[in-house]
Participant: 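I'd like to ask you about the structure that follows.
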Amino acid sequence: MYWPHYPELLATPVPRYTSFPTAAEFRPGIGPADIAEAIGNARGDISLYVHIPFCEKICWYCGCNTAAANRAQRLASYMEALHAEIALVGTMLPADVRIARIAFGGGSPNALAPAQFEHLFAQLREHLPLVADPVVSIELDPRSLTNDWGDTLRHIGATHASLGVQTFAPHLQEAIGRVQPQETISRSVELLRDAGITSLNFDLMYGLPGQTWDDLAESLALTVQHHADRIALFGYAHVPHMLPRQRRIDDSRLPGQEPRFHMAERGYAFLTGAGYRAVGFDHFALPGDPLARAAEEGRLHRNFQGFTDDASEVLLGIGASAISSFPGLLAQNEKNTGRYRMMLSQGRHPATLGVHRSTADMRRGDAIVALLCHGRADVGGLLDPDTRERLEPFLARDLARIEGRTLTIADHAVPYARSIAAVFDPYRIASTRKFSTAI
């Protein structure tokens, strides 16, 4: 599908909207009492995210809250605090709550030894009300995925996994500090399939230093050959003022906006031509995968893990920097692992940042999620004169249209989805925060 290119409409950096308000609006003042009240009001099935902020090797591009897992005592101390938070949260949950989904992320959860990870899962079973067979997903680093992880994943019943592949091109791996030969990826895929993983995601990036379309096409072709069930195709966000580790990347070789745009366009065409279903603006899934079915059936949602088929209104975050999402509250745990451990050693929940969501926030958030997930939203009551003015450039170029109360993003306007959604974000008007480029 041809995407018209209007550089002026993509010039302003915009959030990825994994929440609304975004983390840029989080402020001090949210604390243990706020999250205790929110947890106490939870009902029915909820979801859990567990953050492991460690990797064996730190990639230069990475925006995650993570550190090198090169000191056993530091890792052990973090796990002790994590177990304490699990036990504390377990005392706060109402009796009728059940945890139906668990996602492990980081960092890399396989920075832990398999025995450490199995002990962590046992702590979840002991202290939290898990359903008999929760949907378990895990992010993994192929470089440190040892054979004994297969038994661990089988033991906990994991069915969903995501591999940080980024690129198969050796020269690009060198440029971003993530060297992992193709054989490493192939071995990881085989291990995961044998362990019972039925939904396997590959994370891939475009816009890397020195990257060409041929580089990206080769990575996409190899991904298809590896039969990935899902693919997340992200544009690299170069923000060294926020992520000092990115200063090791040669920004003089970064592709400009136009080649980035065309990499995204051709990547979209390549994957949909290979039989993948486009999901939102940067995810793809094979027909039959739960994510593709959710998109087809209008059940797609968006949370801190990106596009998802998880419909729960509550996502409970555990671990340093983890974010919990409730209908009226977004709360983030202390980011610094030392302070995180100290708070839990004192029996205090480590929430330190966040925002209370007003009725207006929830209304705008619903519209943004609907636009990004379904390409249309009821915007009745949201189109004040200023908002309409910000939307007009997209309407004038036939990238979107309004019929009654419904705003619809055109099929060929995928790269403008975040920019159109940002029209309804009043926090962006006054913000000087630097986000990733719109494409």
Participant: Begin from the C-alpha positions of R418 and D282 and carry the test salt bridge (charged side-chain N to carboxylate O under 4.0 Å, His left out) through to its verdict.
Facilitator: CA-CA 11 Å; R418 287 163 59 200; D282 60 3; over 6 Å; no
Participant: Have a look at S199 and tell me which of T159, D289, D229 forms a side-chain hydrogen bond (donor to acceptor under 3.5 Å, both in side chains) with it.
Facilitator: D289
Participant: Donor-acceptor check, side chain of Y416 to backbone of I409, threshold 3.5 angstrom: yes or no?
Facilitator: no
Participant: Does anything in residues 285-306 pair up under ring-ring contact (aromatic ring centres under 6.0 Å, His included), and if so which pairs, sequence neighbours excluded?
Facilitator: none
Participant: Using only atom types and a distance under 3.5 Å, with no angle test, would you say the side chain of H374 pairs donor to acceptor with the backbone of R376?
Facilitator: no
Participant: What are the two closest heavy atoms between Q123 and I86, and how far apart are they?
Facilitator: O-CG2, 3.8 Å
Participant: Distance alone, cut at 3.5 Å: any donor-acceptor contact between the side chains of R143 and T184?
Facilitator: no
Participant: For the pair Q180 (side chain) and G164 (backbone), establish whether a donor and an acceptor sit closer than 3.5 Å, ignoring hydrogens and angles.
Facilitator: yes
Participant: What pair of heavy atoms forms the shortest contact from P21 to L330, and how long is it?
Facilitator: O-CD1, 3.2 Å
Participant: Taking the six-membered ring for Trp, are the ring centroids of F117 and F104 within less than 6.0 Å of each other?
Facilitator: yes
Participant: Any side-chain donor paired with an acceptor under 3.5 Å for D361 and Y427?
Facilitator: yes
Participant: Does the side chain of E118 pick up a donor-acceptor pair with the side chain of T152 at under 3.5 Å?
Facilitator: yes
Participant: Between S108 (side chain) and N110 (backbone), is there a donor-acceptor pair under 3.5 Å?
Facilitator: no
Participant: Is the NZ or CZ atom of R302 both under 6.0 Å from the centre of the six-membered ring of F307 and within 45° of that ring's axis?
Facilitator: yes
Participant: In terms of side-chain heavy atoms, does T212 have a donor or acceptor partner in D214 at a distance below 3.5 Å?
Facilitator: no
Participant: Please tell me whether E403 and T406 have a donor and an acceptor in their side chains that are separated by less than 3.5 angstrom.
Facilitator: no
Participant: Could you tell me whether the side chain of E265 and the main chain of W3 form a donor-acceptor pair under 3.5 Å?
Facilitator: yes
Participant: For E392, does the CD atom have more than 12 heavy-atom neighbours from other residues, nucleotides or ligands under 6.0 Å away?
Facilitator: yes
Participant: Measuring from atom CD of E296 to atom CZ of R277, what distance do you get when rounded to the nearest 0.5 angstrom?
Facilitator: 5.0 Å
Participant: Indicate whether the side chain of Q257 and that of H5 have a donor and an acceptor atom separated by less than 3.5 Å.
Facilitator: yes
Participant: For a quick check under 3.5 Å, do Y206 and D215 share a side-chain donor-acceptor pair by atom type?
Facilitator: no
Participant: For A175, does its backbone N or O pair with a side-chain atom of R178 as donor and acceptor, under 3.5 Å?
Facilitator: no
Participant: Any side-chain donor-acceptor pair under 3.5 Å between E85 and Y340?
Facilitator: yes
Participant: Could you check whether any side-chain N or O of Q332 sits under 3.5 Å from a backbone N or O of S321, counting only pairs where one atom can act as donor and the other as acceptor?
Facilitator: yes
Participant: Which atoms form the tightest heavy-atom contact between I420 and L407, and what is the distance?
Facilitator: CG2-CD2, 4.2 Å
Participant: Could you report the tightest heavy-atom contact between L286 and A228, atom names first, then the distance?
Facilitator: CD1-O, 3.6 Å
Participant: Can a side-chain donor-acceptor contact be found between Q166 and Y61 if the only test is distance below 3.5 angstrom?
Facilitator: yes
Participant: Can you pull the ring-ring contact (aromatic ring centres under 6.0 Å, His included) pairs that have at least one residue in residues 151-195, sequence neighbours excluded?
Facilitator: F168-H226
Participant: Under a 3.5 Å threshold, yes or no: a donor from one side chain and an acceptor from the other, between D250 and S252?
Facilitator: yes
Participant: Without hydrogens or angle criteria, can the side chains of Q116 and H119 be said to hold a donor-acceptor pair below 3.5 Å?
Facilitator: no
Participant: Determine yes or no for a side-chain-to-main-chain donor-acceptor pair under 3.5 angstrom, with E56 supplying the side chain and S144 the backbone.
Facilitator: no
Participant: Could you tell me which non-hydrogen atom of W213 sits nearest to which non-hydrogen atom of G267, and how far apart they are?
Facilitator: CZ3-N, 3.6 Å
Participant: Regarding R390 and T387, do their side chains bring together a donor and an acceptor under 3.5 Å, going by distance alone?
Facilitator: yes
Participant: Check whether R253 reaches the backbone of D251 with its side chain - one donor and one acceptor, N or O, closer than 3.5 Å.
Facilitator: no
Participant: Do we get R397 above Y6's six-membered ring, with its NZ or CZ under 6.0 Å from the centre and within 45° of the axis?
Facilitator: yes
Participant: Report yes or no: do Q182 and S186 form a side-chain donor-acceptor pair below 3.5 Å?
Facilitator: no
